[in-house]
Number of protein chains: 2
Amino acid sequence: MSARFFTSRWAERPDHVTELAGGLPRGFRASGVACGIKGGGERDLGLLVCDGPEAVSSVRFTRSGVLAAPVLVTRDRCDVHHLRAVVANSGNANAVTGTEGLESAVATQLAASRLTGIDARGIGLGSTGVIGVQLPVDQIVDGLGGAHGKLRDDGDGDFAEAIRTTDKTAKRASLTVALPAGEVRLSAQAKGAGMISPNHATMLCFVQTDALLDEETADLLLGVTVRRSFDRISVDGQLSTNDTVILMASGESGVRIEPESDDELRLGEALDALLRQLALMIVHDGEGARRVGRVVVQGEDGEQVERAARAVANSPLVKAALHGGDPNWGRVAQAIGGALIDSAPLLFDIAIEGVQVCSAGAALRFDSRALAQAVQRDEVEYLVALTGEGAETEVFFSDLSHEYVTINSEYTT
Amino acid sequence: MSARFFTSRWAERPDHVTELAGGLPRGFRASGVACGIKGGGERDLGLLVCDGPEAVSSVRFTRSGVLAAPVLVTRDRCDVHHLRAVVANSGNANAVTGTEGLESAVATQLAASRLTGIDARGIGLGSTGVIGVQLPVDQIVDGLGGAHGKLRDDGDGDFAEAIRTTDKTAKRASLTVALPAGEVRLSAQAKGAGMISPNHATMLCFVQTDALLDEETADLLLGVTVRRSFDRISVDGQLSTNDTVILMASGESGVRIEPESDDELRLGEALDALLRQLALMIVHDGEGARRVGRVVVQGEDGEQVERAARAVANSPLVKAALHGGDPNWGRVAQAIGGALIDSAPLLFDIAIEGVQVCSAGAALRFDSRALAQAVQRDEVEYLVALTGEGAETEVFFSDLSHEYVTINSEYTT
């Protein structure tokens, strides 16, 4: 994996960050096994354990009005600032499963507690997969025994494998981060693909570091970097019932990150690049995606700017044009108009990869050959300037492909 | 066309309405010609004229923040209550075309005025097609001469043909309506397909009657029936820059529709059925659509109910499942949760074609074979009951198909 993680121009590797081939920071062990949820012998159950007794953690969840059982249990029954283990499964979301689903989630948590000796309040849960089907809790409890026996400090690959659903590529990284106070490690495992949208997407992401943090610092770093990464991506505009991001810090490096220090800043930069690249990988792997778009919208009203950017990113017409490498910028204009109803006339500029196509709401003559070439790239950037200044946002989005339709019309309950 | 227009269970033909094979009400003539916008000799320019000097009209436009030139000119330079002609073209939307586009629209209007002798303020415009390309106004002005020479009282078929873009089927009807005061005629020509959404969809629809109405009655009837038809459909959640519905009444039947009379009620019922069936045809023809869904959402808060219904109708996951005949009702739950963020726990019921799959936010055991069969039908109905009572809405939506992707990734500027 070395030198291949940071591939996007929108998430550059900071100079003080080095890519490793794999492996977890000190104080962490992980595993991934097949417990039979998916069938076919695929890994579908992951266990992640932090052996540092001083571990701190921070968590972000989906804002969906329909919350899956693992989200509810982690949010309401755990000490989210002191998680020391994670049980994650794919193949079943344990969402819309009512009281029985909650009981299954708790049973999973208790089984992991018995195996690891960690208090149940320290065991976070993550599930992804089909909605509305009860979790096969006996298989999971059985599987946890096997997973516990396979915990290893280089088990991050197996763990990442176990949380994949329709993901085509593994999404993980293992980094060293050189800080003024010393070197720390940072690793992460994520899954994404369909249902990725607004408030940090239908995804699971688990991040580990051996830095020594207090819980406020962990919370600050995760909050800021999630807002710049998973909150800014859209595959299909859909918000999942299960989105969960968990950052755990073992403290085992002994490198202390003081609030408002250079160490905090540098670690934040590393985490930012890590989560942005993971977010972009999720978009790139958006079910069937060929190209990734980035829309930047500028204006004077933050709420308008946000609505316009989301509308462009979620427009199936814009997405289909991106897929086809079609420089149909009129669809960008249409999406903006649809987002900002009753506000005509809108005097916006549009540029695609630096080619200005529209000024003050009217088409320009432009070099159509240059534009046609630009939209053939893997990453295409759209800049929309509404009138006024002071607000700017970005959204990363995948294209709309035949494969998206195939995957989602055949993926069955 | 007889006995074949009203085909949906969601738009039944009222008993006092009879289908005709075609033709316009008294006082109307129409034509459709090829003026070269599309190339290939396809009809792309339609002219519709009302010869009744007492004609009244009513108009509804898109609410997009980006309004096309024909919308701006019709809205701002016409007497929208006394339109006596319509010029409509396909192949070019004349949107995002700035001052030049406005001048082209006005030039079209003036050319039609010279040919027909109707004041330019009485000539409405409609355009559909690619955005951001200047209208070939000379071709249109030339074409209008030919169109004027071909005006006929059975020219509605040619006119309907001229406004089609990616529509696979013609969308028009010709009806007689038996009222207590006498018989009137009603006809309509519409185009739809992609970009159909919220505030009456990316579509053009022209409706004619020979009933004798005052302008308030025309406005009332059109307002109510558009809200129950074109405002309730979604192909891809996109709002067009060009949506226009124009109702024109020639008065030539001599059958007067008094306000708050049985005649008004009966004519309203006929118009309602007509526009609902046209709206459903637009959804059925949603680019590549195989099936049509109807989602009904009930609850206590009108705004929540609307958001939930739109979210289900616009969810690419729900749409792809509908396409595949996949009874994946979890995606309906997911869409509701995404629409109503930060409102967990949502205790909703879901039924698909009468098969209850979810109660109070939790999955039920249900007859999966019955459900699997139900979702194979051409029209599939989803009922979502949020808690409480007093608010209910519906949205009709198309599925998401491979053909949608093909059409929209290759349709080029």
Side-chain angles (χ1 to χ4, degrees), chain A residues 63-67 95-99 101 130-134 194-195 197 199 236-241 315-317 320-321 323-324 326-331 333-338 340-346 357-358 360-363 400-402 404-406 408-413, chain B residues 63-67 95-99 101 130-134 194-195 197 199 236-241 315-317 320-321 323-324 326-331 333-338 340-346 357-358 360-363 400-402 404-406 408-413:
Chain A
R63 291 177 62 194
S64 172
V66 179
L67 295 177
V96 199
T97 45
T99 308
V130 70
I131 293 175
V133 176
Q134 293 297 338
M195 262 204 238
S197 190
N199 309 291
D236 53 12
Q238 301 299 289
L239 180 62
S240 153
T241 51
S315 163
L317 292 169
H323 181 70
D326 179 354
N328 195 332
W329 63 269
R331 294 176 179 178
Q334 167 270 320
I336 297 164
L340 305 177
I341 59 170
D342 297 335
S343 58
L346 285 169
V357 295
C358 174
L400 176 62
S401 63
H402 287 280
Y404 181 91
V405 176
T406 299
N408 286 301
S409 60
E410 291 168 12
Y411 179 54
T412 190
T413 22
Chain B
R63 290 178 62 193
S64 172
V66 179
L67 295 177
V96 199
T97 44
T99 309
V130 70
I131 292 175
V133 176
Q134 294 296 337
M195 261 204 239
S197 190
N199 309 289
D236 53 13
Q238 301 300 287
L239 181 62
S240 153
T241 50
S315 163
L317 291 168
H323 181 69
D326 178 354
N328 195 331
W329 63 268
R331 294 177 178 177
Q334 167 271 320
I336 297 164
L340 306 176
I341 59 170
D342 297 335
S343 57
L346 286 169
V357 294
C358 174
L400 177 61
S401 64
H402 288 278
Y404 181 92
V405 177
T406 299
N408 286 301
S409 59
E410 292 168 10
Y411 179 53
T412 190
T413 21

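Reminder, nothing fancy here: chain letters follow the sequence lines and each chain counts from 1.
Listed here is the closest heavy atom pair of B/Gly98 and A/Ala362: CA-CB, 3.5 Å. Residue B/Val96 comes nearest to A/Ala333 through the heavy atom pair CG2-CB, 3.8 Å, listed as atom of the first residue, atom of the second, then distance. Taking both residues in full, the closest heavy atoms of A/Ala363 and B/Gly132 are given as CB-O, 3.2 Å, listed atom of the first, atom of the second, then distance.
At a 4.5 Å heavy-atom cutoff, the contact between B/Leu340 and chain A is made by backbone atoms alone.
For the set A/Leu67, A/Asp342, A/Val357, the count of heavy-atom pairs under 4.5 angstrom toward chain B peaks at A/Asp342. With chain B as partner, the option from A/Gly101, A/Gly338, A/Ser64 having the largest number of non-hydrogen pairs under 4.5 angstrom is A/Ser64.
Here the CD-OG1 distance, from A/Gln334 to B/Thr241, works out to 7.0 Å after rounding to the nearest 0.5 Å.
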